[in-house]
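As structure tokens, the structure follows; a few thoughts come after it.
Only this structure's heavy atoms are used, side chains among them; waters, hydrogens and symmetry mates stay out. Numbers for residues simply follow the sequence, beginning at 1.
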Amino acid sequence: MQITNEKVVTLMYELTVTDADGEKELIETVEQEDPMAFIQGMSGLPEAFEENIEGLSVGDTFEFSIPAEDGYGEYDPTAIVELPKDIFKVDGEYVEEMLEVGNYLPMTDDGGNQLNGRVLAVEAEFVRMDFNHPLADKEMFFKGTILDVRDATQSEIEHGHVHGAGGVQH
């Protein structure tokens, strides 16, 4: 069975990017013991990732790169914002370990969209956050193997995610 839209794809891979010195830096390893599973066409991954594995079958290997503009985009300086420090209070108190520089915090924007922001600085009245994706401005290099391909169930398609092993349990 080949990878096409609405197929559940299970795979393992290594993701590297080029660091400031031009050397490849390992960012993520997904092993066979704990693989990634998603529905092709509904994964939330960059479209270029899905395009590169389209048509592959169980046992096929892949190796490709995705330029920044086709991945998580170019670094956007307007995605750095200063938020009032008071919004970070929990039960009226600041959780100091939460507001450490470098931490990623899950947040919700005015439209109800979920996003992660990285703490850049904590000042007396505000917290400077970077809402760029951690892989923005990075060319990504993927190398991996297709472990399984199957038809998505109607329930998985309706929910937009894989159920069972490698997916959501409910």
Side-chain angles (χ1 to χ4, degrees), residues 1-76 79 97-98 100 102-119 129-170:
M1 181 177 289
Q2 291 185 318
I3 297 172
T4 58
N5 278 347
E6 296 188 352
K7 300 288 187 207
V8 172
V9 179
T10 304
L11 52 77
M12 62 183 196
Y13 67 88
E14 286 186 353
L15 166 60
T16 58
V17 298
T18 306
D19 67 16
D21 298 325
E23 299 294 319
K24 292 238 175 133
E25 174 187 359
L26 181 64
I27 298 298
E28 181 178 38
T29 301
V30 174
E31 301 283 350
Q32 185 168 353
E33 297 76 33
D34 190 20
M36 180 170 79
F38 59 90
I39 302 171
Q40 180 80 349
M42 304 174 81
S43 70
L45 295 165
E47 285 182 33
F49 183 92
E50 290 191 357
E51 289 168 2
N52 275 284
I53 64 167
E54 183 86 15
L56 296 180
S57 300
V58 174
D60 287 348
T61 60
F62 56 87
E63 190 168 349
F64 56 85
S65 64
I66 299 176
E69 59 270 15
D70 294 333
Y72 292 100
E74 301 295 327
Y75 188 84
D76 179 5
E97 54 272 4
M98 178 175 70
E100 290 181 16
N103 278 357
Y104 282 89
L105 303 177
M107 303 194 74
T108 305
D109 67 11
D110 293 341
N113 300 305
Q114 299 283 325
L115 56 158
N116 286 320
R118 184 168 55 99
V119 177
M129 304 280 297
D130 182 351
F131 288 98
N132 281 289
H133 189 281
L135 294 173
D137 225 20
K138 305 274 188 195
E139 182 175 8
M140 298 178 288
F141 300 89
F142 291 92
K143 181 178 183 178
T145 304
I146 306 300
L147 301 173
D148 192 38
V149 180
R150 66 170 174 81
D151 290 323
T153 66
Q154 189 59 42
S155 176
E156 288 173 323
I157 293 167
E158 288 169 3
H159 291 176
H161 58 252
V162 177
H163 295 158
V168 177
Q169 307 287 334
H170 64 111

Rounded to the nearest 0.5 Å, how far apart are CD of Glu139 and CD of Glu69? 8.5 Å

Over 60° means perpendicular and under 30° means parallel, so tell me whether Phe38 and Phe49 are parallel, tilted or perpendicular. perpendicular

Considering all heavy atoms, the nearest Leu147-Pro35 contact: CD1-CB, 3.7 Å

Nearest non-hydrogen partners of Met140 and Leu135, listed with the distance: SD-CD1, 3.7 Å

To the nearest 0.5 Å, tell me how far Leu15 CG sits from Lys138 NZ. 11.0 Å

Between Gln40 and the options Thr4, Val9, Val149, Val8, the side chain to side chain contact (heavy atoms under 4.5 Å, CB included) test singles out Val9

Roughly how far, to the nearest 0.5 Å, is OG1 of Thr145 from CD of Gln32? 8.0 Å

Are Lys24 and Val17 packed together at the side-chain level, in the sense that at least one heavy-atom pair is separated by less than 4.5 angstrom? no

Please examine the side chains of Asn103 and Arg118, heavy atoms only from C-beta on, and report whether any two atoms are closer than 4.5 Å. no

With a 4.5 Å heavy-atom cut-off, do Met36 and Leu45 have their side chains touching? yes

Salt bridge present between Arg150 and Glu156 (N-O < 4.0 angstrom): yes

Just wondering, do Lys143 and Thr16 contact through their side chains at under 4.5 Å, heavy atoms? no

So which atom in Ser57 and which in Met1 form the shortest heavy-atom distance, rounded to 0.1 Å? OG-O, 3.4 Å

Measuring only between side-chain heavy atoms, which start at C-beta, is Asn52 closer than 4.5 Å to Phe62? no

Is there a donor-acceptor pair under 3.5 Å between the side chain of Asp21 and the backbone N or O of Glu23? no

Would you find a donor on one side and an acceptor on the other, under 3.5 Å apart, between the side chain of Asp70 and the backbone of Pro67? no

Rounded to the nearest 0.5 Å, what separation is found between the CG atom of Asn116 and the CG atom of Asp130? 11.5 Å

Can you tell me how far CE of Met12 sits from CG of Asp34, rounded to the nearest 0.5 angstrom? 12.5 Å

Closest contact, heavy atoms only, Leu11 versus Ile146: CD2-CD1, 4.1 Å

Interatomic spacing from OG1 in Thr18 to CD in Glu25 - rounded to 0.5 Å: 9.5 Å

When you measure from the side chain of Glu6 to the backbone N and O of Ala152, does any donor-acceptor pair fall under 3.5 Å? no

Check this for me: Glu47, atom CD, are more than 12 non-hydrogen atoms of other residues, nucleotides or ligands nearer than 6.0 Å? no

Side-chain touch Ile53/Phe142, heavy atoms, less than 4.5 angstrom: no

CD (Glu74) with more than 12 external heavy atoms under 6.0 Å: yes

Minimum heavy-atom distance between Phe141 and Ser65, given as atom pair plus value: CD2-CB, 3.5 Å

Can you find a pair of side-chain heavy atoms, one from Val119 and one from Met129, that are under 4.5 Å apart? yes

